[in-house]
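Below, each value reflects all heavy atoms present in this structure, side chains not excepted, and no hydrogens, waters or symmetry copies.
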Amino acid sequence: MRSAIDRICGGDAVAAAEMLAALDPEHRRGWRVLPDALPAAPALEAHAQRVLPRDADRERAFALALCGSGSVQALGAIVGCDPDGVARSQLVGLAELRGGRFHFADPTLRAHLLAAATSQDRLRAHQRLAVVLAEAGDEHAALWHRARGAVAADPGLVEPLIELAYAALREGAAERAWSCAAEAVEHAGPGSSAHASALLCSGRAALAGGWVADAVERIEQALRIDGGHRGEATAAFVLAHTLRQGAVPAPDLLVPPDASGPGYRLAAVLGASLGAERGDRERSTAWLAIAARLGEDTEVRATLLAWCDALAGHADAGAIDDGDAVQRVAHALCAGLDGDPDAGVRALAEPVAIRGDARVIGLQEHGPLLRARRAVAEVLLHVWAGRIGTAHELLAASAAELPVALPFAGLAVALSRRLDLAVDGRIGALSRELAASVPWPQEPDGFVDRAIDAYLQGRSDEAAVHMGLWTDRGRPSEPLGLPGLDEIGPLGAATAPEPPEATAARTLRERVRAARESSWRTDLDAVAEESRGIRSPFERARVEALLGSTCAARGDRGRGVRHLRAARSLFEESGARAWRGMVDRRLRMMAERRLRAAEAAGETGAVPSSLEVCRAAWEPVLTARELEVALLMAEGRANREIALALHVSVRTVEVHGGRIFAKLDVRTRHELTVLAHRTDQHL
């Protein structure tokens, strides 16, 4: 919504800030359509005083601003002269002329004129424009102004206005569709069939624009009116409710036992698909049963089942029919989950074959909500392909124009944070704005984000703590796989569907962490060889970085440097600047500590400055008690001291010590201390 206000104010940052501050929270967050009369802003008034001629006819200037654009003939009628005299008019300087048409040239002045007008000013201007535009041959615009300028409801305007609204939806003009449909609602008789049609049309327009609070409100009103529209209204309500509340509604109270028709079938398809996207298998199954009961056709059920399977981690892109916008996105994501994200990007770039009216609850291919869905899918596919910088730029550009926080259960919110961390090393303003724009309650869960932040800053012990807390919370995840952190902390399988390359890279990193002291060279060589088959530069870079740190920690500095340099180059290629910076710091640290590392490997018995990094590195290998014993041994404490500290017998300490030596592949306390020192220096 901020970008829309910026555009309305002509890029005047002060005026935009003043206008935003005057709006209520639901308008600021983009949950409702901006009010027809926007609040006045002092900065707009100051601009108008500078640029508007003092003796200008304010009434005609407002009419010109309200019209916005049109033919030169209409311009002449608005400013009060014939077309030949337009160039000499005092107000013509407010318009730009091109190709026989005009548009209002100064958006900041236009915003002021629209905000400062009274209701009487608006009524007179609409009445004037209805006549002017009809004479100029612009019947559609004239119809809307006639409806706005009417002093009493005219039911005869309802159907033409609804037709105009659907025409605007087909062009992707959600704001124009809303203005026409909302006006149709005002002219329809309360409780009539026309009223229900107008309410449903305005709800669809609100959905297309992402104004979810308005959508739920209008569609609920339509559902209260009996009639043949209820099936279509139910389908629209399923989507609107899910986007507003973050959860798919139950079908029990929405679908009557004797339901039939395409509207109810579409509701069932949407309920099942949206439930699958959100990991709500119970609701997805319930809606799928409704679809079966209503006799959904084989093609649509195949699409739905393939999509649900894809979200469960079993992609089958071949089963997806790519005939419309929603199925095209499903096809693209299935291709990504099946291991070919570039094929998914290409599928999204191909033109959509429009089949007749091809309407998905009134959402056309070029409407904001479906464009947002496509944009989020494209960003995710670039992430899966390892193009982190490209994904970051694309998401920022899309968020400036589209409600990207709504599709896929708010996936873009978490995606934006991960991309911010990977590229800039911090969570930026856009991510915070996206989080604030999600209209449903969100569970606070930033453990993985905090872990990544700490890890990239070199605080591995802190990162391990956050990952441990995330595991304790049950490893909650997003509906589709995002880059996490498995270089440190507890091991575990992915909890969301991810491409096979992401799974392969994660498995390789687990093998690096599990490499034993006696065979680590052979183990890491095998990992390095297998990693060459990973095409994603980001995923392979993370494997190379962990290989480098591990080799350095095991005492092979040369091999560690080579792997880290490979990781740096790959992170550079992927655009993950913060991860590249982490590798740079490790390379500098290795250069600075070269002499000290050599001394630490000698017979000095030096105690490492910090054992918390060792705790993080050894935690996946040792039990909790073995870990405590190992850390105390690395500090140089005798078995009796450890027994007293842990309230166990000396024999128990000795047994734990033997198991620790076997698991860490060391033979003596001294080797354990040296290993702890190397781990602290390089991990």
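Looking only at side-chain heavy atoms (C-beta outward), V376 and L402 stay at 4.5 Å or farther from each other. Considering only heavy atoms from C-beta on, V629 stays 4.5 Å or farther from V648 through its side chain. Two residues are said to be in side-chain contact when any heavy atoms from C-beta on lie closer than 4.5 Å; L631 and W618 meet this criterion. R586 is not listed as a side-chain neighbour of V583, based on a closest heavy-atom distance of 4.5 Å or more. Annotation: side chain of L485 is not in contact with side chain of W470 (no heavy-atom distance under 4.5 Å). Side-chain contact between P25 and W31 is absent, with no heavy atoms from C-beta onward closer than 4.5 Å. Side-chain contact between P403 and P368 is present, with at least one heavy-atom pair separated by less than 4.5 Å. For the pair W287 and L254, the minimum side-chain heavy-atom distance is below 4.5 Å.
Here the OG1-NE2 distance, from T652 to H647, works out to 13.5 Å after rounding to the nearest 0.5 Å. Taken to the nearest 0.5 Å, the CG atom of L546 stands 8.5 Å off from the CD1 atom of I488. In this structure, S519 OG and D525 CG are separated by 11.0 Å, a value rounded to the nearest 0.5 Å. Here E498 contributes atom CD and E478 contributes atom CD; the two are 13.5 Å apart, rounded to the nearest 0.5 Å. Note that CG of D523 is 11.0 Å distant from CG of L547, once rounded to the nearest 0.5 Å. If you take CG on L274 and NE2 on H241, they are separated by 12.0 Å, rounding to the nearest 0.5 Å.
Shown are V379, L381, L394, D342; of these, the side-chain contact (heavy atoms from CB on, under 4.5 Å) with R387 is made only by D342. Here the options are L482, V383, V423, the test is side-chain contact (heavy atoms from CB on, under 4.5 Å), and the partner is R418; only L482 passes.
We find that D486 and R542 are joined by a salt bridge, their nearest charged nitrogen and carboxylate oxygen being less than 4.0 Å apart. Between R568 and D584 there is a salt bridge, with a side-chain nitrogen of the basic residue lying less than 4.0 Å from a carboxylate oxygen of the acidic one. Checked for salt-bridge contact, E26 and R244 meet the test: a charged N lies under 4.0 Å from a carboxylate O. Of the charged side-chain nitrogens involved, none lies within less than 4.0 Å of a carboxylate oxygen, so that E378 and R371 do not count as a salt-bridged pair. With respect to R432 and D420, no salt bridge is recorded, no charged nitrogen being found less than 4.0 Å from a carboxylate O. At a threshold of 4.0 Å, the pair D453-R426 does not count as salt-bridged, since none of the basic side-chain nitrogens sits closer than that to a carboxylate oxygen.
Between the side chains of H656 and E626, no donor N or O sits under 3.5 Å from an acceptor N or O.
A405 and V438 get closest at one heavy-atom pair: CB-CG2, 4.0 Å. Nearest heavy-atom pair across L411 and L480 is CD1-O, 4.0 Å. Considering all non-hydrogen atoms of both residues, G425 and Q457 come closest at O-NE2, 4.2 Å. Residues C551 and H563 come closest through the heavy atom pair SG-CD2, 4.1 Å. Taking every heavy atom of both residues into account, A505 and V543 meet most closely at O-CG2, 3.9 Å. Contact record, V216 with A240: CG2-O, 3.4 Å, taken as the closest heavy-atom pair.
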side-chain contact (heavy atoms from CB on, under 4.5 Å) between R32 and D24, worked out: CA-CA 10 Å; R32 290 190 182 274; D24 65 52; 5.5 Å; no
Could you walk me through whether F408 and L333 pass side-chain contact (heavy atoms from CB on, under 4.5 Å), step by step? CA-CA 12 Å; F408 303 111; L333 289 176; 3.7 Å; yes
Stepwise salt bridge (charged side-chain N to carboxylate O under 4.0 Å, His left out) test for E573 and R580: CA-CA 10 Å; E573 180 185 350; R580 183 200 64 195; over 6 Å; no
Run V404 and L415 through side-chain contact (heavy atoms from CB on, under 4.5 Å) and show every step you take. CA-CA 11 Å; V404 295; L415 187 53; over 6 Å; no
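Looking at T242, its side chain does come within 3.5 Å of a backbone N or O of V238 through a donor-acceptor pair. Checking side-chain atoms of R29 against main-chain N and O of P439 turns up no donor-acceptor pair under 3.5 Å. Side-chain N or O atoms of T507 include one that pairs as donor or acceptor with a backbone N or O of T503 at under 3.5 Å.
By the 30° and 60° cut-offs, the orientation of the rings of Y455 relative to W579 is tilted.
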